[in-house]
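First up is the structure itself, then whatever we jot down about it.
All values derive from a computational prediction rather than experimental measurement.
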Amino acid sequence: MHYAPLAGRTPAQGWKIHVSARAEDADRAIEAVWDYCVPRDIAFKFLRSLPVMTMLNSKAAPRGASGKLVTIYPVDEAQLELTLKELDELLRGVEGPYILSDLRYGQGPLFVRYGGFAGRRCLADNGELVLAIEDGDGRLVPDLREPAFGVPSWVTLPAFLEPHVAARNAVTTEGLPYRVESVMQFSNGGGVYLGEDLRTGERVVLKEARPHAGLDAVGRDAVARLAHERDMLERLSGLDAVPALIDYFTLGGHHFLVEEFVDGNPLQRQLVHKYPLTRATCDDEALAEYTAWVLDTLPKVRRAVESLHERGVVFGDLHPNNILVTEDGRLTLIDYEVATLTEDRGRAALAHPAFGAPADRQGVDVDLYALACLCLGLFAPQLTIMLPLDRAKVTELARLIGETFPVPREVLDEAVRTVTGPAPAAATPYPKPGRDGWPLLREAMTRAILASATPEREDRLFPGDVAQFQPGGGVNLAYGAAGVLYALASTGAERRPEYEDWLRAKALAPDPGTGIGFYDGLHGVAYVLDLLGHRQDAIDTADLCLRQKWESLELGLFGGLAGMGLNLLHLGGTTGERAFTEVALQITGICSDRLGGPDDVPEVSGGSHPRAGLMYGSSGPALLFLHAYERTGDASLLDRAAVALRQDLRRCVTGEDGTLQVDQGWRTLPYLDEGSVGVGMVLARYLAHREDEDFRAALDGCRRVTRGRYFVQSGLFTGRSGMIGALGWGLGPGPDASRTDHTTDLAEQLRGLDWHALPHGGGLAFPGNQLLRLSMDFATGTAGVLFAMSAVLHDRPVFLPFIEPPVGTSAPSGVPAHGSAGRFGPHDTQRKEV
């Protein structure tokens, strides 16, 4: 909730005050700030409810924003100093988590930081739009909101804050018998560090807990959980499966537990390294070898868990990242902060969602449930996270595992019995992808999507990814109504005028803050409105976008200039509006000027570096250059497309199985959005115009990723459906592959959708990103799966926007040639003419 005086001016940036509070002090803190700021016309905001406050201070919350209950915006440094001094008295006794991004004022709940007050944005070094402030020369630069206090170089720290900086710097690790060597991980509750015990020279692990931070479901903070873990380690002392407790101390108000360093790899890391289905070269021998490893590992984990039970302890948080295996075979369970006593028959307050037991399990049964999920999860990684959506899905998972791996039936049956319990839920029948016919599958997915529609809601029409709750997210192509209606119309579903009217109204009167990008904003909505026959609405929506400050957008296809330029080229052709084409060519020139050379990107994608791939990387501008070349015949645009593609290929690596994937340093990605399969589709389009030996070899590497047999998610942008679509959008069989090979690969991918298929609304649906909820949207959910399947099964296959074959070239091998992007009625002829 934001409050500001009707009369008066709030600066665009400056020193802001944050108030931190624990749950029991929150009401008092907000009342004190309200009573102080309103009479003095000082702008402020606060979190609107206790659930929101708890969520933003949970263990998994971003560390840089944690603890910020209230934000106050003084107009100058004089008001800053007076407000801090007077609120320090008014809030005496209020306690709250330390705000890591700020400087603490005194010993109370007040913190300060220099930053932006207004929501201005600029491009960061990684090419993304971020919140911005003006530097000393008046240029917009990123407003860094990191979990460490700092002052911009052009800003002078007010003199009255200097003693507080000195107090902050006075807390050091000098005098401790430990030396911190490196950070192992951070959470909002504190850090985990690798260190050395200076008394013995032994390596140790130091676990930190911040007071009042990192709340769990029952409101315990990190300190309470760390003290509990200390008590559990003491109880379990001497067990081979448990790290030895060494020490416990406090420093600067933070609590630290010191335990034995176990030099082993998490079972999760071993799983990623060994799992055979993600490799294009997987064969029966690899499946048998992996199965043998799993069947050897599971009894060892069970014995470790049972050793805890014999001491009266329920582990409560069993999952592969909490299981360490050393080179000599020792298996150790780590993290005891949510462990419980068997006699209490309790439940953990935190749990991994893929292993957390349902509410009817208590005590030892919580661990037994997690062991059953581990048995299934080592063969179907992460998929047990779907079980709360449909507990009967466990039977399907076991069936698919048994059809894929040589696992003894009794092993899977025991896991299923443990998961389902004494009264298993009846399975709801639904069509099986890859087994039932396309008309039945299409009708089932359409039924599920329509059953979920909520035209009475203002924020969204169909449930999708949580990103749809950002401004305009319920409308856009990726997560909102536009994408769902696009997928339905593409596959010949019956038109729903009331849904189209909902979209039209939201497009012409968008919510404040709605973006203008192609997949994340109004340009994608205009594209869909045009194809649905609402041409004037499409023109008006595109005109609305052109009135915004679009020049500073990033270059990408998803929400940047490439997507905007491609859509304006498209609309310029379908509507005859020459101004759209002129702006599109202007955008093409801007992208060309800002692109740089082939080596002007790092060799790693993501993080602090610009991302690679179709949606966010240089392949988006490459696609724009190719379309502009096809429109103008300017061969220099082909040259720029080649440079853009080389930028993305610079960030790709070839795996042992011959697949080419985008390298993010800690993982490689094959996916449609920022992986190699999206790059491959643009490579295929480039090669339709100009031969390039290096690009041809790269395309073959991209093709190979579609032969992977397992994907954690089913969605279009980051899952199996993107591979299915790619097989029809330019990544069909290579020159040495037979049609039989292509048909086999496609059939394998279609059958693979059964891993994620779930019943809903009398039809067939799929979970979205992270598999935690069903999704109907285009990027992550059922609409995207429907669209991808139609690319290879529909009587008139559809193409992702701007991916259809260039005019005068043939459709990819194995895909029927056609002249439109789908069944949109009157637009078919116009698109063919263009």
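A side-chain donor from one of N769 and Q713 sits under 3.5 Å from a side-chain acceptor of the other. With 3.5 Å as the limit, one finds no donor-acceptor pair spanning the side chains of E603 and H609. Looking only at atom types and distance, the side chain of Q749 has a donor-acceptor partner in the side chain of R720 under 3.5 Å away. Defined by atom type and a distance below 3.5 Å, a donor-acceptor pair is present between the side-chain atoms of T780 and S775. For the residue pair Q647 / R650, no side-chain donor-acceptor distance below 3.5 Å is found, with atom types taken as modelled.
If you take CG on L271 and CZ on R269, they are separated by 12.0 Å, rounding to the nearest 0.5 Å.
A heavy-atom distance below 4.5 Å is not found between the side chains of F711 and T278. Inter-residue side-chain proximity for E128 and Y616 is flagged as unmet; no heavy-atom pair is nearer than 4.5 Å. No side-chain heavy atom of L614 sits under 4.5 Å from any side-chain heavy atom of E674. Using a 4.5 Å heavy-atom threshold, the side chains of M723 and R707 count as separate. A 4.5 Å side-chain heavy-atom check between L764 and P759 finds every atom pair outside the cut-off. Contact annotation: the side chain of Y290 approaches that of L378 to within less than 4.5 Å [non-hydrogen atoms, C-beta and beyond]. Contact check for L649 versus L683: side-chain heavy atoms found under the 4.5 Å cut-off. When side chains are defined from C-beta on, P433 does not count as touching R751, because their heavy atoms never get closer than 4.5 Å.
More than 12 heavy atoms of other residues, nucleotides or ligands sit less than 6.0 Å from atom CD of Q270.
Between Y519 and F558, the ring-plane angle classifies as parallel under the 30° and 60° cut-offs. Between F518 and F802, the ring-plane angle classifies as tilted under the 30° and 60° cut-offs.
Minimum heavy-atom separation, T659 to A280: CG2-CB, 3.9 Å. Residues A779 and Y479 approach most closely at CB-CE2, 3.8 Å, considering heavy atoms. G719 and Y671 get closest at one heavy-atom pair: N-CD2, 3.6 Å.
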Verdict with supporting geometry, R651 and D663, salt bridge (Lys or Arg N to Asp or Glu O under 4.0 Å):
CA-CA 6 Å; R651 294 173 281 190; D663 182 12; over 6 Å; no
Criterion salt bridge (Lys or Arg N to Asp or Glu O under 4.0 Å) on R399 and E403, from CA distance to verdict
CA-CA 6 Å; R399 175 183 64 81; E403 292 176 355; 2.9 Å; yes
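Centroid-to-centroid, the aromatic rings of Y486 and F787 come within less than 6.0 Å. Ring centroid separation for the pair Y275 and Y710 comes in under the 6.0 Å cut-off.
No donor-acceptor pair closer than 3.5 Å links the side chain of K274 to the backbone N or O of V272.
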